[in-house]
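Just below is one structure, and these are the notes that go with it.
When a residue number appears, it is its place in the shown sequence, counting from 1.
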Amino acid sequence: MNKLMQELVAGSLACGLGFVAQAYPAYATGAYTPIKTKIYKNVPYHWNGQSSRAYLWNANLTKRQHRLAHWPVTTWYVSKSLKMTNGHKTGIFYKVTNAKKSMSGYIWKAYLTKGALAKGTYPAGLIDSKLNQSLINLFPGAIPDKQLQQVAEYYIHAVNTTEPGDTYYEYEGAVLGADKQKKVTGFTTYTAAPGAYNQLRRNKVSFLQFEKARLQKYLKAEHKTFSDFSGWSIGAYAFPKNSFFYGIIMINLLPPMTK
């Protein structure tokens, strides 16, 4: 990975979640109480990735404890299903605990999908194949590669969780092997600058216009254009529109390997 691109990626991993603190309204006003309960034997579930406003709540749903998007590949074990009401609104919530028993609380059932996620897989709602392909299409002649795509999507871990940057590079090495890892160019349009994504997130500019302009800036710094990567292998990942990381992308490019 060349120095400039490596610094861009490393910088994004180090910054982590620092720029995403936002205030959202609570689920509803007033404490909730259960009116019907069903017991389960720690059935595994995971966040479905459909809403960035999904939370792990306290027992009466008055306090948000964790944002599920910060733990996208956590398996939550359901011990109870509770029909809860505050007198005005009623919903079904699951009482859950993570595998390490370090987090527990209540999650609205619509935010969860049954089953555990294997390492390297993610909630379906965090993968938008059309957005990923639109990025690949910016590089004429580049060849989609399953391994590079796998590594690009693993960027979900780097941004969405508190995993250190080293974990991303370890995964990259495990998937690509040492020889390919040395030659791969990876870069992201991540920035912690306030308001950097406002135009995109407020629908003032299209996704492709926004990303193309930012990518051109990075390529220009390397004295490159999109066409310079014809014949290279490529993998690309874009956080989807339903994510509060919408606008951040990861691209991996690998030159033809000589035999």
Side-chain angles (χ1 to χ4, degrees), residues 13 15-128 153-164 167-168 171 201 239-246 248:
L13 299 176
C15 289
L17 300 169
F19 79 104
V20 297
Q22 300 179 45
Y24 286 110
Y27 177 78
T29 303
Y32 279 68
T33 55
I35 55 178
K36 187 177 180 180
T37 302
K38 184 177 180 179
I39 304 298
Y40 289 89
K41 293 184 178 180
N42 293 322
V43 180
Y45 278 78
H46 63 273
W47 174 53
N48 58 27
Q50 296 298 323
S51 174
S52 64
R53 300 188 181 188
Y55 290 94
L56 180 73
W57 293 83
N58 66 343
N60 59 11
L61 310 185
T62 57
K63 184 179 180 181
R64 295 171 295 195
Q65 300 183 134
H66 297 286
R67 201 170 199 157
L68 298 192
H70 291 178
W71 312 96
V73 293
T74 294
T75 296
W76 300 100
Y77 293 91
V78 175
S79 58
K80 285 183 183 180
S81 172
L82 304 97
K83 187 174 184 180
M84 303 183 73
T85 185
N86 67 351
H88 302 284
K89 292 185 178 182
T90 301
I92 296 175
F93 287 77
Y94 288 150
K95 183 179 180 181
V96 302
T97 306
N98 66 344
K100 295 181 179 178
K101 301 186 184 303
S102 59
M103 293 187 290
S104 63
Y106 297 77
I107 300 174
W108 185 36
K109 115 179 241 192
Y111 290 145
L112 295 174
T113 295
K114 192 173 183 179
L117 284 171
K119 188 174 180 63
T121 60
Y122 317 99
L126 287 184
I127 305 294
D128 187 328
E153 290 176 3
Y154 197 77
Y155 196 59
I156 291 171
H157 276 276
V159 173
N160 254 312
T161 73
T162 55
E163 282 194 10
T167 304
Y168 180 85
Y171 184 81
R201 294 170 182 172
F239 282 94
K241 195 169 185 177
N242 65 352
S243 168
F244 52 73
F245 292 108
Y246 181 51
I248 299 174

Side chain to side chain contact (heavy atoms under 4.5 Å, CB included) evaluation trace for Tyr45 with Val96: CA-CA 9 Å; Tyr45 278 78; Val96 302; over 6 Å; no
Check: Asp128 side chain, Pro240 main-chain N or O, donor-acceptor pair, under 3.5 Å: no
Whether Phe239 and Phe245 hold their rings parallel, tilted or perpendicular, with breakpoints at 30° and 60°: tilted
Could you list the donor-acceptor pairs under 3.5 angstrom formed by side chains in residues 33-41, with sequence neighbours left out?
none

Side-chain heavy-atom pair Leu82, Tyr106 within 4.5 angstrom cut-off: yes
Which residues share a side chain to side chain donor-acceptor pair (under 3.5 Å) with Thr85, sequence neighbours left out: Thr90
Between OH on residue Tyr32 and NZ on residue Lys83, distance to nearest 0.5 Å: 13.0 Å
Polar side-chain atom of Asn48 near backbone of Gly125 as donor-acceptor pair, under 3.5 Å: no
Atom pair OG/CZ of Ser81 and Phe93 - distance to nearest 0.5 Å: 10.5 Å
Parallel, tilted or perpendicular, as decided by the 30° and 60° cut-offs, for the rings of His66 and Trp71: perpendicular
Where Pro123 and Gly49 come nearest, the two heavy atoms and their spacing: CB-N, 3.7 Å
For Leu126 against Pro72, the heavy-atom pair lying closest together: CD1-CB, 3.9 Å
Over all atoms of both residues, closest heavy-atom pair of Ser104 and Leu56: O-CD2, 3.7 Å
Close side-chain approach of Tyr111 to Ser51, heavy-atom, < 4.5 Å: yes
Any Trp57 side-chain heavy atom under 4.5 Å of Arg64 side chain: yes
Short side-chain to backbone donor-acceptor contact, Asn58 and Lys63, under 3.5 Å: yes
Rounded distance (nearest 0.5 Å) linking atom NZ of Lys89 with atom CE of Met84: 14.5 Å
Side-chain heavy-atom pair Leu68, Tyr55 within 4.5 angstrom cut-off: no
Rounded distance (nearest 0.5 Å) linking atom CH2 of Trp76 with atom CD1 of Ile107: 5.5 Å
Donor-acceptor under 3.5 Å (Asn242 side chain, Gln50 main chain): yes
Main-chain N/O of Val73 paired to His46 side chain as donor or acceptor, under 3.5 Å: no
Within-4.5 Å side-chain heavy-atom neighbours: Ile127 and Ile156: yes
Lys241: side chain to side chain donor-acceptor pair (under 3.5 Å) partners, not counting sequence neighbours: Asn203
Tyr155 vs Ile248, side chain to side chain contact (heavy atoms under 4.5 Å, CB included): CA-CA, chis, key distance, verdict: CA-CA 10 Å; Tyr155 196 59; Ile248 299 174; 3.8 Å; yes
